[in-house]
Amino acid sequence: MPRPEVAGSYQELSEDVERVSENPAEDRGGEMGVHEDVSSVILPDSELGTSAPSLRFSKTCLKNVFSVILLFIYLLLMAVAVFLVYQTISDFREKLKHPVMSVSYKEVSLYDAPGIAFYPGKAQLLSCKHHYYDHIPPLVNPGQQGKIECSTWRINYTDPFTNQTMKYALVVQGPRDVKKKELVFLQFHLNETDQDFSAIDYLLFSSFQEFINSPEKAEFMKDCESSYSSWKFSGGFRTWVKMSLVKTKEEDGSETVEFKQETSVVNYIDQRTKPRSDQLFFVVFEWKDPFIQTVQDIITANPWNMIALLCGIFLALFKAADFAKLSVKWMIKIRKRHLKRRSQAMNHIS
């Protein structure tokens with residue numbers, strides 16, 4: 001039965017021919033050597049061995065498997081890059097819709113003196129004076145007319161909400177020097193009242209100087225009453241008001257001013273000899289701290305960062321696509337080369 005040996009000899013002959021086709025220079029240089037070795041090619045497998053073809057096949061297989069794995073890895077990276085693009089654009093749109101509130105503080109030594117508008121009604125201003133370093137001297141002749149050492153202005157204007165009722169306002173210049181703890185101490189007197197509770201309304205606006213420079217002071221006060229909140233302080237007490245200034249920047253670039261207040265109330269001990277039915281009002285205005293608070297909405301999304309990130313992602317996408325294309329071409333080329341060698345070997349055997 002010599003057929004198995006002949007088949008094995010033909011197989012080795014085809015592999016030898018394949019090696020010769022890969023090295024044409026050696027083929028041309030040693031045709032005689034090839035003819036002389038034909039007898040050795042036809043030797044049995046036990047003498048020649050079959051390690052070289054199996055080694056070549058295993059290397060080719062490993063290269064193909066490695067190329068497929070790399071292809072899948074780069075496809076996975078491309079999917080991740082597409083997801084990052086979508087997520088980046090979504091985050092940018094979300095940040096545009098929801099800006100973040102930013103709070104900053106600016107330290108000052110002198111404030112622009114605020115305006116304090118009182119609505120005393122039937123009450124009368126007895127005294128007004130500026131003091132420093134939180135020191136208020138003892139009262140002298142409380143309930144009697146004293147010195148008014150403040151810049152004051154009396155004005156009448158129509159109620160901005162009804163446009164029918166006339167209102168009387170007493171506008172006083174507020175404190176300025178926060179480093180020296182400047183304060184304004186005022187005393188009011190109400191002789192008689194038909195109400196169960198007595199109180200005086202007041203409001204704060206940002207600049208007393210703007211009020212003085214305004215040609216239409218009545219309209220200025222109507223705008224202030226429409227824009228600012230009003231508060232009260234009661235009779236029979238000393239109300240200490242500590243102010244802080246908050247500026248808010250709007251989206252259109254405009255700026256609004258708001259006052260925050262902390263109040264403390266101390267009972268007034270009336271030491272006058274004769275019992276009286278009148279009411280005394282004491283109020284103190286002072287700056288809380290030298291910091292102006294500025295509030296504004298900011299957009300944390302930076303378009304340049306997003307553009308840079310998108311450029312990097314798209315570059316990675318193009319590189320991955322180019323590598324995948326080259327990998328596929330390389331695999332096809334290897335496959336064609338393998339089929340070509342196989343067909344050449346089969347033709348030679350035939």
Side-chain angles (χ1 to χ4, degrees), residues 106-132 136 145-161 163 165-189 200-233 239-250 253-261 281-294:
K106 179 183 178 181
E107 185 176 3
V108 295
S109 58
L110 290 174
Y111 279 94
D112 188 6
I116 310 171
F118 296 95
Y119 300 93
K122 295 180 180 180
Q124 179 185 3
L125 178 64
L126 296 181
S127 63
C128 177
K129 190 173 182 180
H130 291 257
H131 300 281
Y132 296 90
I136 300 176
Q145 185 65 48
K147 294 182 179 180
I148 299 177
E149 300 178 357
C150 304
S151 298
T152 60
W153 197 285
R154 290 172 171 82
I155 185 171
N156 295 314
Y157 63 94
T158 57
D159 193 321
F161 302 104
N163 290 326
T165 307
M166 291 296 296
K167 302 190 72 172
Y168 162 68
L170 174 65
V171 182
V172 179
Q173 181 179 359
R176 297 185 67 244
D177 197 338
V178 65
K179 292 295 185 181
K180 295 181 179 181
K181 296 185 178 181
E182 179 185 0
L183 57 88
V184 178
F185 177 63
L186 300 99
Q187 178 185 178
F188 290 87
H189 172 261
I200 295 177
D201 295 337
Y202 71 94
L203 66 83
L204 300 170
F205 55 91
S206 58
S207 176
F208 180 78
Q209 191 62 38
E210 288 184 7
F211 169 76
I212 295 298
N213 296 334
S214 175
E216 298 291 338
K217 293 181 174 54
E219 293 296 326
F220 183 90
M221 289 305 303
K222 289 174 68 174
D223 293 339
C224 288
E225 189 172 353
S226 302
S227 304
Y228 297 98
S229 301
S230 61
W231 293 271
K232 298 177 182 290
F233 60 95
T239 303
W240 199 301
V241 180
K242 291 192 175 183
M243 308 172 293
S244 58
L245 193 62
V246 179
K247 295 182 178 181
T248 304
K249 293 183 178 180
E250 305 295 339
S254 61
E255 188 176 78
T256 59
V257 179
E258 178 186 1
F259 284 91
K260 290 185 177 180
Q261 302 183 37
F281 300 81
F282 305 95
V283 63
V284 180
F285 291 92
E286 181 187 11
W287 287 109
K288 178 184 175 182
D289 51 46
F291 299 101
I292 298 177
Q293 181 178 342
T294 303

Does some side-chain heavy atom of [Y] sit less than 4.5 Å from a side-chain heavy atom of [X]?
| X | Y | value |
| --- | --- | --- |
| Val171 | Phe208 | yes |
| Leu186 | Phe281 | no |
| Glu182 | Arg176 | yes |

Should we say atom [atom1] of [X] is surrounded by more than 12 heavy atoms from elsewhere, each under 6.0 Å from it?
| X | atom1 | answer |
| --- | --- | --- |
| Lys217 | NZ | yes |
| Trp231 | CH2 | yes |
| Glu107 | CD | yes |
| Lys167 | NZ | yes |

Report the residue from Met166, Met221, Glu219 that forms a side-chain contact (heavy atoms from CB on, under 4.5 Å) with Thr158.
->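 Going through the options one by one, the only one that passes is Met166.
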For [X] and [Y], which heavy atoms make the closest approach, and how far apart are they?
| X | Y | answer |
| --- | --- | --- |
| Pro120 | Ile200 | CA-CG2, 4.0 Å |
| Gly174 | Ile116 | CA-CD1, 4.0 Å |
| Lys129 | Cys150 | N-SG, 3.4 Å |
| His131 | Phe185 | CD2-CB, 3.9 Å |
| Phe188 | Leu170 | CE2-CD2, 4.2 Å |
| Ala117 | Phe205 | CB-CE2, 4.3 Å |

Please lay out, stage by stage, how Lys260 and Lys288 fare under the test side chain to side chain contact (heavy atoms under 4.5 Å, CB included).
-> CA-CA 10 Å; Lys260 290 185 177 180; Lys288 178 184 175 182; over 6 Å; no
Verify whether one side chain among Asp112 and Ser207 offers a donor that lies under 3.5 Å from an acceptor in the other.
->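 Yes, a side-chain donor-acceptor pair sits under 3.5 Å.
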Hey, could you give me the OG/CD1 distance between Ser244 and Ile292, rounded to the nearest 0.5 Å?
->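 Interatomic distance, Ser244 OG to Ile292 CD1, rounded to 0.5 Å: 10.5 Å.
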Taking the inter-plane angle between the rings of Tyr202 and Phe118 on a 0 to 90° scale, is it parallel (under 30°), tilted (30 to 60°) or perpendicular (over 60°)?
->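 Tyr202 and Phe118: tilted rings.
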Could you check whether the rings of Trp153 and Phe211 sit parallel, tilted or perpendicular, using 30° and 60° as the cut-offs?
->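 Aromatic pair Trp153/Phe211 classed perpendicular.
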Quick one: do Leu203 and Phe259 satisfy side chain to side chain contact (heavy atoms under 4.5 Å, CB included)? Show the steps, please.
-> CA-CA 10 Å; Leu203 66 83; Phe259 284 91; over 6 Å; no
Is the backbone of Lys222 close enough, under 3.5 Å, to the side chain of Ser226 for a donor and an acceptor to pair up by distance?
->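 Yes; at least one donor-acceptor contact below 3.5 Å.
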Would you please test Lys181 and Glu286 for side chain to side chain contact (heavy atoms under 4.5 Å, CB included) and show each step?
-> CA-CA 7 Å; Lys181 296 185 178 181; Glu286 181 187 11; 3.8 Å; yes
Tell me, with the steps shown, if Trp240 and Lys242 meet side chain to side chain contact (heavy atoms under 4.5 Å, CB included).
-> CA-CA 7 Å; Trp240 199 301; Lys242 291 192 175 183; 4.0 Å; yes
